[in-house]
Amino acid sequence: MKYVVVSGGVLSGLGKGVTASSIGVLLKSAGLRVTSLKIDPYLNSDAGTMSPFEHGEVFVLDDGGEVDLDLGNYERFLDINLGRNNNLTTGKIYSKVLEAERRGDYLGKTVQVIPHITDAVQDWLEEVAHLPADGSDQSPDACIIELGGTVGDIESAPYIEALRQFQFRVGRENVTFVHVSLVPVMGPVGEQKTKPTQHTVKELRGLGITPDILVCRSTAPLTVETRQKLAAFCHVSPEAVMSTHDVPNIYHVPLMLHEQGLCNILDVDCESTDLLEQWRVMAFHLDTLDKEVHIAMVGKYTDLSDAYLSVIKSLQHAAMAVDHKLVIDWIEASHLENDWGDSDEYDAAWTMLKESAGVLVPGGFGDRGVEGKILAAQYARSSRTPYLGICLGLQVATIEFCRNVLGLEGANSTEFDENCKHPAVVFMPEISKTHLGGTMRLGSRPTIWQVDECTIRTLYGGGEEVHERHRHRYEVNPDLIESIESAGLVFVGKDETGQRCEIFELNDHPYYIGVQYHPEFKSRPGRPSPPFLGLLKAATGQL
Ligand code: GLN
């Protein structure tokens, strides 16, 4: 097993996850089986309880793990399926050690950060690195370990210590340390400044880890002088100083690292498979797209694109497949509401919605903006604009249909109005009817087709069932299904009990689809998720 440990310095947001995933792509293109593990030094057990405002989207795995969005990068870049243990947090490791202490496993010893936490971290890394991730039953050959946060943070100190020891546990020759840093540009001639990187490497070395490779985020490629200076001050060879400078799209990142000789340093032949060539084709194809397609995203975190990262990626995968350049028109759902005070924002939101070629309402929790989303669904239905509703997007479209087609005035979800007159969407927990905690329906569940032929089934390529990932509590009210369906909104996919509505499709509409699951978590570049592909095909007249 070869380990590539990726740490970061100077500041966050340098694209450490993309760099780490790109290194994984290079290893994979050399024919290795690659997996990855992300360490998040926060105390939360997982990302499930974190607001998208703080940490971006909560990514959901097949096994129901609610994890950091970087795991999504790994799954998409490496085309693998990870499990909840591929995201290690301080909450998880402390729980494990504290449970062992309560059982008496430490035989009367004082339990300490070193060695007990650091040993537990190393055991975890070694165990999870060997878990198959590519759909086969074979153990990976290489594991990318990304350490979240910035070197020097108090929270990450035990992990740095664990990783320092880890190189002796698994053999120094089996670990490559990569440090991602920033090279800012200053002054009238745009001088590349190396001091921040010098400092962060000094800090890392002070903690006992000497990086083998430096990856510097910069606007332009590093000059020869900058590389030499960094090599001299940071104790790395000049060939091992790489830059990740600005490129038109992220698919260029593995190519850019390859061109700078990263594969030589890792001692692998990245051209031994045709994977890198596929990335090349994809990266340059994306650069040439000039016909635009406008998709309106009606959500509530519209100024925080990380909150919808996987949805954006899925739209991009689908747009690439229909040869269009994606333009997302972000619409704050509450701006569409009638009682909104600012008429300029109201007018602008409606103009944008009406000019888009397709409408997407993504998942969400809480009632802010729900009425705006309902209006967006109504507009798309009545104007025959292609619509995709995901999770809450399915629920609001169902509410809208009940109100305006079935005439059930005041129809709502009991999530937003517990005592509403017509509960169109209701709480249907899988386990407990009385507890909210731990009652979310999470992870991969089967959807069984209820009709022989429909647009969305064709998009999924037929088959008997679909496996997608879920994260919700509420469902379409089973009591209303018959009347909804007889008015033309058909639940073409249900769960294996026939109780839960998973997919709807509206008759006599170019493309009006709702899914209770989150298809965005399984979309891949080159293999777009079917509901997204359908939306983009319909929006560009190719369905
Ligand atoms: N709030 C809704 C529910 O819990 C939708 C969740 C979602 O969109 N992920 O069912």
Side-chain angles (χ1 to χ4, degrees), residues 46-53 55-62 64-67 69 72 297-302 304 306-312 314 333-334 359-374 376-377 387-400 402 411-418 420 423-445 447 468-478 480 491 494-495 499-504 513-523 529 531-532:
D46 60 37
T49 54
M50 293 167 116
S51 155
F53 277 120
H55 269 268
E57 100 184 339
V58 177
F59 194 80
V60 180
L61 301 171
D62 275 344
E66 298 176 277
V67 295
L69 53 79
M297 267 270 261
V298 184
K300 78 169 169 183
Y301 305 110
T302 50
L304 290 159
D306 262 7
Y308 299 115
L309 189 70
S310 295
V311 175
I312 299 171
S314 305
S334 57
V359 178
L360 194 153
V361 176
F365 294 83
D367 60 2
R368 186 167 65 82
V370 163
E371 289 302 321
K373 292 175 190 175
I374 292 173
Y387 176 87
L388 175 61
I390 296 176
C391 205
L392 182 61
L394 167 141
Q395 298 173 0
V396 295
T398 307
I399 295 168
E400 186 279 315
C402 288
N412 212 332
S413 164
T414 54
E415 179 180 7
F416 314 125
D417 181 0
E418 222 177 319
C420 61
V425 176
V426 295
F427 185 31
M428 273 175 63
E430 276 183 335
I431 319 154
S432 159
K433 286 205 188 283
T434 50
H435 287 70
L436 224 72
T439 52
M440 189 101 89
R441 195 161 170 257
L442 279 170
S444 185
R445 295 282 192 286
T447 295
E468 295 274 18
R469 299 176 183 175
H470 296 69
R471 185 173 189 251
H472 66 115
R473 285 194 186 89
Y474 293 81
E475 318 258 355
V476 173
N477 187 349
L480 288 177
F491 293 98
K494 290 189 183 159
D495 78 335
Q499 283 290 304
R500 296 167 199 276
C501 296
E502 296 278 4
I503 311 174
F504 75 53
I513 301 286
V515 288
Q516 185 55 73
Y517 50 77
H518 290 268
E520 68 269 27
F521 296 133
K522 284 176 73 172
S523 185
S529 163
F532 287 91

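Predicted, not measured: the structure shown is a model, and the values here were computed from it. For ligands, and for the atoms within them, numbers begin at 1 and follow the listed sequence.
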Nearest heavy-atom contact between Ile399 and Ser413 is CD1-N, 3.6 Å
Which residue owns the protein heavy atom closest to atom 5 (C) of ligand 1, what's the atom, and how far is it? Gly364 O, 3.3 Å
Which protein heavy atom lies closest to atom 7 (C) of ligand 1, and at what distance to 0.1 Å? Cys391 SG, 2.9 Å
Pairwise distance CE(Met428) to CG(Asp495) - rounded to 0.5 angstrom: 7.0 Å
For the pair Tyr474 and Leu392, evaluate side-chain contact (heavy atoms from CB on, under 4.5 Å) and give the outcome as yes or no after the intermediate values. CA-CA 9 Å; Tyr474 293 81; Leu392 182 61; over 6 Å; no
Using a heavy-atom cut-off of under 4.0 Å, does the side chain or the backbone of Arg471 touch ligand 1, or both, or neither? backbone
Under 4.0 Å between a side-chain nitrogen and a carboxylate oxygen: does that hold for Arg441 and Glu502? yes
If every non-hydrogen atom of Ala47 is compared with every non-hydrogen atom of Val58, which pair is closest and at what distance? O-CG2, 3.4 Å
Side chains of Phe532 and Leu360 in contact at under 4.5 Å (non-hydrogen atoms): yes
Atoms of ligand 1 close to Gly363 [distance to a heavy atom under 4.0 angstrom, numbered from 1]: 8 (O)
Is there a polar contact, in the sense of an N or O pair closer than 3.5 Å, between Ile390 and ligand 1? no
Between NZ of Lys494 and OG1 of Thr447, what distance do you get to the nearest 0.5 Å? 12.0 Å
Any idea which part of Glu415 is under 4.0 Å from ligand 1, heavy-atom wise: side chain, backbone, both or neither? side chain
Shortest protein heavy-atom distance from atom 4 (O) of ligand 1, along with the residue and atom involved: Arg473 N, 3.0 Å
Ligand 1 contact by Gln395, heavy-atom criterion under 4.0 angstrom: yes
Note the single closest protein heavy atom to atom 10 (O) of ligand 1, along with its residue, its atom name and the distance in Å. Tyr474 N, 2.8 Å
With backbone taken as N, CA, C and O and side chain as the heavy atoms from C-beta onward, which portion of His518 lies under 4.0 Å from ligand 1: side chain, backbone, both, or neither? side chain
